[in-house]
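Lettering follows sequence order; numbering is per chain, from 1. Computed from a prediction, not measured in an experiment: that's the story for all the values here.
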Amino acid sequence: MLRTFFLSCLLLFSKSMLAQDIKGLITKVRQKIEKVNDYEASGKMKTNVAFLKVPLADVNVYFKKPNKLKLKSTKGVSFIPKGAVSFNINNLLSEDFSIIDAGTDKIGNTLVRVAKLLPNDDNSDVVLSTIYIDPVNNLLLKSKTTTKESGTYELLLSYGKYSEYGLPDKVVFSFNTKDYKLPKGITFDFETSSDNKAKTIKSNKGVAELLFSQYKINQGVAESIFK
Amino acid sequence: MQTILEVKNLTKHYKQHTAVNELSFHVNQGDVYGFLGQNGAGKSTTIRMLLSLIQPTSGEIYIFGNDLNTHRNEILQNIGAIIERPDLYKYLSAYDNLSIFAKISNMKADRKKIMEELDRVGLADRYNSKVNTFSQGMKQRLGIAVALIHNPSLIILDEPTNGLDPQGIADMRKLILSLSYEMNKTVMVSSHLLSEIELIANRMIVIDKGKKIVEGSVRELLDPSKTSLQIDTTDNDLAFVTLQNTNWTGSLVRKADRIELQISKSDIPLLVKHLTESNIGIHALQPRHSLEAYFLSLTNPENHVEPVAN
Amino acid sequence: MWSLLQIELFKISKRPRTYLSFAAITAIVLIFQLAFKADGKSYMDLMLQNVQDNFELNKENAINGYFMCYIILNTLLVQIPILVALIAGDAISGEANMGTLRLMLTKPISRSQIILSKFIASFIYTILLLVWMAVMALFLSILIFGMDDMLIFRVKGEESQILQILKDDVIWRYFAAFGYAAIALTVIAALALLLSVFAENSIGPIITTVCIVIIFTIVSNLNVPVIDKNVKPWLFTSYLVGWKGFFYIGTNTEGQPIPGSIENWPAIRNSLFILIAHIFLLLGITIAVFRKKDILS
């Protein structure tokens with residue numbers, strides 16, 4: 001999901017694709033993140049998926065210019081959400097987007113500028129991306145990407161002490177999940193018939209919440225981490 | 001004389017048949033008590049009831065003066081038994097077998113005591129061998145050691161000579177006699193062979209179809225009132241034909257080396273005279289007991305003989 | 001009573017079949033470990049189904065000693081009743097067959113004591129089997145595969161779930177699970193012992209016990225609502241897998257596991273009560289029948 005976030009960021013930096021009035025805004029956003037050659041962020045990930053009962057995971061995120069990104073758990077077993085299988089950063093960079101200024105909106109109490117990005121290539125997996133930018137602090141607050149294969153992804157970002165680098169303290173990544181169904185009779189489960197039959201509403205939405213406590217910026221990240 | 005074992009109106013019904021029917025008898029201290037009956041007469045069922053293996057349908061059993069129902073463990077503490085075959089834990093050694101049964105007989109049997117017992121039955125050198133390597137005779141001897149390890153005062157042996165070779169049978173006989181005369185044990189021994197009982201027992205009971213036929217002293221019971229004879233002559237074939245034509249002999253049987261017949265005591269001179277007159281020389285003339293005749297008749301109903309009364 | 005128990009344990013210890021069970025466990029566990037060492041990822045793929053479309057899992061961490069033990073127990077605890085029946089089913093019938101039963105019963109010990117000592121001996125044997133399983137399936141697996149967070153793949157009603165238990169929160173669950181399994185297997189032992197009283201050779205009770213367990217288990221897992229509601233609660237086999245309840249970790253409203261918690265302790269407790277009731281009932285019947293039984297062997 002982080003990948004999506006950064007993709008969205010990178011999209012913003014492709015100046016030529018941006019309309020004039022929003023271009024200046026996006027340039028400013030880009031200038032912030034340009035300062036970062038690499039970083040290593042440590043934080044916690046909370047996964048909220050109906051079938052997945054997992055605890056908070058300790059994770060590290062590694063980034064290196066131009067587009068390398070890796071999310072790793074530091075200990076234990078963890079389920080790391082994949083951005084989207086069909087997302088390929090390199091392809092996206094080479095893709096053409098048409099930019100539509102979609103006016104303004106509000107996220108919480110913050111007034112934001114909205115832009116829609118449409119790929120010019122009909123074969124692109126991305127159908128539409130919508131980005132929401134805080135024009136006062138020059139920060140990306142939200143993005144929403146619809147793909148052909150994997151539905152819609154949504155990113156919500158909040159900033160704290162690393163906002164000068166355009167790096168969020170908190171990222172909420174919403175995505176679609178597929179139904180999980182184990183083949184029957186494979187597990188010999190202990191069933192407790194006392195289970196209340198009130199069926200929980202089945203949600204195919206997954207949410208992963210990342211809280212970063214610390215960034216190490218421009219201290220170098222080994223190439224081997226991205227393998 | 002003290003009664004060690006007393007059985008009153010003992011009955012065991014199974015679904016279809018009655019195995020033991022109103023059986024009463026008693027065994028006195030010091031007896032070698034013969035328990036005689038054909039196979040299926042109810043001997044084993046009775047003995048198993050005495051040892052609490054089978055629950056009687058009705059009747060009472062008193063051993064050492066106590067009711068078996070209420071004093072089971074106390075009574076069994078003082079009984080040694082071999083029921084049919086002396087079956088033991090085949091996968092254990094002779095020593096382990098003896099040690100186990102000593103323990104469950106509440107005996108504090110130390111190594112010395114167990115080895116002593118094994119030595120007494122001639123198995124000391126095989127103490128560590130597994131029972132499944134033993135011959136039938138060795139198993140029998142170990143079985144005896146097991147039955148005697150806790151020094152019981154009453155010993156119950158169910159068909160102890162079954163499956164033994166002649167030497168084994170002779171050894172068993174010797175053992176029973178030594179138990180009685182040397183060790184002052186009371187012994188109850190069952191058999192389907194009168195000859196066996198006759199050789200060892202001082203008192204006996206004969207049962208058939210679960211009922212008592214006769215009980216009493218062996219000497220008295222086997223004292224001939226009606227006589228059965230075995231004769232061996234110079235010409236057994238001729239003698240057989242000759243005697244067939246008389247009306248004072250009965251149950252004539254031609255055996256390979258002799259003739260068996262029933263005759264009243266007073267007719268024996270007549271028999272001798274008759275054979276002599278027919279020029280048949282007599283090699284041997286042996287009286288057989290009427291009880292045995294009765295016994296034989298059980299195996300061969302055609303030669304039916306009424307049982308002797310007590 | 002104590003010496004009687006010693007004797008029973010001694011007899012069990014001297015029988016080759018006793019060690020057969022331990023050898024069987026060793027072999028099965030080793031095969032499992034070997035298979036998972038070689039290709040544990042395929043199993044993971046099967047259990048993960050399409051989860052991998054959305055998530056990346058560090059499988060090498062997920063295939064750890066704790067996980068292995070769960071997988072092995074899952075399989076073995078279905079078969080271990082056979083091993084328990086092998087000893088308990090033979091306890092009386094084997095002696096009847098050998099002829100030692102009648103000798104034993106002419107000794108000054110009560111029949112109830114004999115049954116109790118044989119039952120306790122079978123129980124101890126069961127415990128030893130489980131201890132050996134713990135050594136092989138848990139500790140050896142930990143040695144080979146290491147320790148880490150544990151994943152549980154589970155079908156709950158209509159849902160499938162993946163539960164994650166933190167590394168530090170696992171071992172007590174195994175102790176509890178082995179304890180539960182001991183009680184569950186003791187029911188099998190009690191059943192085999194009861195059947196053993198009726199037979200004069202050990203094959204009958206062993207096979208019958210195993211058949212009962214298999215048939216009951218099949219019925220328990222038919223997933224037919226009518227049977228689930230009316231029959232299943234009455235089959236003791238429905239409760240045999242209750243040890244798994246200790247691994248169904250409780251979750252908070254956000255679906256996150258709460259360390260040290262169990263999702264449905266009352267269900268486990270009830271199952272335990274039912275199993276213990278079975279043990280007492282079966283043992284009671286065994287003693288009652290055996291006390292009245294005519295020994296004809």
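In C:Arg17, the CZ atom is crowded: over 12 heavy atoms of neighbouring residues, nucleotides or ligands sit closer than 6.0 Å. No more than 12 heavy atoms of other residues, nucleotides or ligands shown are found within 6.0 angstrom of NZ on B:Lys130. Within a 6.0 Å sphere centred on NZ of B:Lys209, other residues, nucleotides and ligands contribute 12 heavy atoms or fewer.
Between C:Asp294 and B:Lys12 a salt bridge is recorded (basic side-chain N to carboxylate O distance below 4.0 Å). Using a 4.0 Å cut-off between a side-chain N of Lys or Arg and a carboxylate O of Asp or Glu, C:Arg102 and B:Asp87 qualify as a salt bridge.
Contact record, B:Ala81 with C:Leu103: O-CD1, 3.8 Å, taken as the closest heavy-atom pair. Heavy atoms only, all atoms of each residue included: C:Ser110 and B:Asn73 are closest at N-ND2, 4.0 Å. Taking both residues in full, the closest heavy atoms of B:Ser105 and C:Lys107 are given as OG-CD, 3.1 Å, listed atom of the first, atom of the second, then distance.
Proximity to chain B (any heavy atom under 4.5 Å) is restricted, for C:Glu95, to the side chain, taken from C-beta onward. Only the side chain of B:Leu92 comes within less than 4.5 Å of a heavy atom in chain C; its backbone stays farther off. Of the atoms belonging to C:Lys11, heavy atoms from both backbone and side chain fall under 4.5 Å from chain B.
Per-residue heavy-atom pair counts under 4.5 Å with chain C were compared for B:Asp96, B:Asn78, B:Asn97, and the maximum is reached by B:Asp96. When the candidates C:Ser3, C:Gly94, C:Gly99, C:Pro16 are compared by the number of heavy-atom contacts under 4.5 Å with chain B, C:Gly99 comes out ahead.
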Steps toward side-chain contact (heavy atoms from CB on, under 4.5 Å) verdict (C:Leu296, B:Tyr14):
CA-CA 12 Å; C:Leu296 304 172; B:Tyr14 289 111; 3.3 Å; yes
Verify side-chain contact (heavy atoms from CB on, under 4.5 Å) between B:Ile104 and C:Ile7, making sure each step is shown before the conclusion.
CA-CA 9 Å; B:Ile104 57 178; C:Ile7 288 168; 3.3 Å; yes
Could you go through B:Lys90 and C:Met98, starting from their C-alpha distance and side-chain angles, then the distance that decides it, and tell me whether this counts as side-chain contact (heavy atoms from CB on, under 4.5 Å)?
CA-CA 8 Å; B:Lys90 296 186 189 76; C:Met98 227 177 343; 3.3 Å; yes
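Distance check, rounded to the nearest 0.5 Å: CZ of C:Phe10 to NZ of B:Lys103 gives 7.5 Å. To the nearest 0.5 angstrom, B:Ile100 atom CD1 is 9.5 Å from C:Lys14 atom NZ. The structure places OH of B:Tyr89 at 9.5 Å from CZ of C:Arg15, a figure rounded to the nearest 0.5 Å.
Using a 4.5 Å heavy-atom cutoff, the side chains of B:Asn106 and C:Pro108 are in contact.
In this structure, B:Arg72 contributes its side chain and C:Ile109 its backbone to a donor-acceptor pair below 3.5 Å. A donor-acceptor pair under 3.5 Å links the side-chain atoms of B:Arg48 to the main chain of C:Ile295, judged by distance alone.
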